[in-house]
Amino acid sequence: MIVCERKPLSTILESLRSYRKVVIAGCSECVTVCHAGGEKEVALLRDLILLARNDLTVTTEVLTRQCDVEFLEALDGHVEKAECVVSMACGVGVQFLAERYPATWVIPAVDTRFAGGSRQPGTWEERCGLCGDCVLHLTGGICPVARCSKSLLNGPCGGSQGGRCEVGEELSCAWHEIHDRLEKLGRLDLLEVVLPPKDWSRARDGGPRKLLREDVAV
Amino acid sequence: MSNGQSKLERLLHDGHFVVTAEVGPPQGAAADGIRHHAELLKDVTDGQNLTDNQTAIVRLSSIAAGVHVLAAGGEPIIQMTCRDRNRIAIQSDLLGAWSLGIRNLLCLSGDHQSFGNHPSARNVFDLDSVQLVKMVREMADPGIFQNGEAIAENARPRFFVGAAENPFAEPFAFRVRRLAKKVAAGAQFIQTQAIFDLPRFERWMQMVHDAGLDEKVYILGGICPAKSFGALRYMSKVPGMAVPDALLDRMKGVERKRQAEEGIRIAVETIQRLREIKGVRGVHVMAIMWEEMVPRIVEEAGLLPRPVA
């Protein structure tokens, strides 16, 4: 999922300084799962805003998906009566709302952090670098692009010790994990191959990405 | 193997036990410190490493520093990391470095920027150090850019290309395989992380020897003299560095004002031990902020005078 984290309340309040009528838009997808912008978080943010600003009128709506234009209509009635929209979806949702409501200011209430997952409640970990050219079949199912601090394809670097990354004791060294897993699977031979420089043109480096699929186009 | 362009390569090729030393460029645009260190080191070492924004702290560029060393009569080894430049910038800078007379290059991944003084910077890591070695070797032979386009025969940079290896990083068993990858990519010399744990280094060298790698690449052992117990303790905590407790105790047991002397003695002893290890072809002295001590260490280790290339 896309993992998001709510911005500090003070930042959100600062963005709302010149407005009196606000609609908060949640999303039922990733931000609901990662507890950043679902129904519960939308209600909480509304209450926190009203505690700080009793001059505000705040309505709320939780959309099925903000990253899908067909579900945005549910917000139209709220936006007509509001001066600004606070989106609690990822950056995709914020932009889809901004496109739909060209005359209305849209404020992001969350920071879009990474593509990851949760292995235990309250903890989310990055797992995919969205590089557009997956190498997981060469690295034992552990992504060096997202999980090595230097995105090395021929790691580990000299800063790996005790299975930890030089960047921080709390980070495991992805290449140590790759090594251990390939060893268990009897595939250490894979680590003897010099992986060539990556084609980053399929990542964000190639410019904003767009995917066309004729088979599902209408 | 030798293309005759690098003095360092000629010395290694001729079987001399070489000495290189590290020079940290300044955090400013004044070059007198580099020139001073080049003067100090040019006759007592065979090559001088110019670090590339070491520990991700902005410093005068390694290539520019290398040119100052060259002007002072030294033999610069410029360091190039993958942290700050993509393949376009690296190739461009290396064409420039060669055109300015620099002949030795050390390829590194680079310390992560979170260690340095611009932790909010974006990093690059378009290539890693293994890919960098391969790219630079291929610029010489067959003479191509990374994209496969040819470089004119008379305009190819032909660096003597080195890489780093850390025998003290983990997983230990994999370090020799990774060295093998660097050699396969074309590394011609290796400068190791600072050695304090000699038994572990010896185990690593035995594995290197068993893999036949000491026949394929010149290995220079890293020496880092510690000025004090505090400095040694600090190094023991740097990720990827290993300092045995016995050595920390030895330093701690020496009165404070004699600790610098003890640090030099340890460095000299380490060099002497390294000379006995099969496959070690030289030493690389990293006396960071303490370059003044290098001539004395080299002399006390019995490595003077240096041979003429």
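All chains are named by letter (A, B, ...) in the order of the sequence lines, taking the proteins before the strands, and each is independently numbered beginning at 1. Computation of the quantities below employed the complete heavy-atom set of this structure, encompassing side-chain atoms and omitting hydrogens, waters and symmetry-equivalent molecules.
Looking only at distances, no side-chain donor or acceptor of B:Arg177 sits under 3.5 Å from a matching main-chain atom of A:Leu191. Using a distance-only test at 3.5 Å, with no hydrogens or angles considered, a donor-acceptor pair links the side chain of B:Gln131 to the main chain of A:Leu195. Checking side-chain atoms of B:Glu170 against main-chain N and O of A:Gly158 turns up no donor-acceptor pair under 3.5 Å.
Taking both residues in full, the closest heavy atoms of B:Val238 and A:Gln161 are given as O-OE1, 4.2 Å, listed atom of the first, atom of the second, then distance. When all heavy atoms of B:Phe174 and A:Gly155 are compared, the pair lying nearest together is CE2-O, 3.3 Å.
Contacts between B:Arg87 and chain A at a heavy-atom distance below 4.5 Å involve the side chain alone, from C-beta outward. Within the 4.5 angstrom heavy-atom criterion, no atom of B:Val124 approaches chain A. Neither the backbone nor the side chain of B:Glu165 comes within contact range of chain A; no heavy atom of the residue lies under 4.5 Å from a heavy atom of that chain. Within the 4.5 angstrom heavy-atom criterion, no atom of B:Asn86 approaches chain A. Only the side chain of A:His179 has a heavy atom closer than 4.5 Å to any heavy atom of chain B.
In terms of heavy-atom pairs under 4.5 Å with chain A, the best-connected choice from B:Asn123, B:Asn166, B:Asp128 is B:Asp128. When B:Ala169, B:Pro171, B:Pro239 are compared by the number of non-hydrogen pairs under 4.5 Å with chain A, B:Pro171 comes out ahead. Comparing B:Lys134, B:Met241, B:Lys181 by how many heavy-atom pairs each has under 4.5 Å with chain A, the most go to B:Lys181.
How far SG of A:Cys157 is from NE2 of B:His112: 9.5 Å, rounded to the nearest 0.5 Å.
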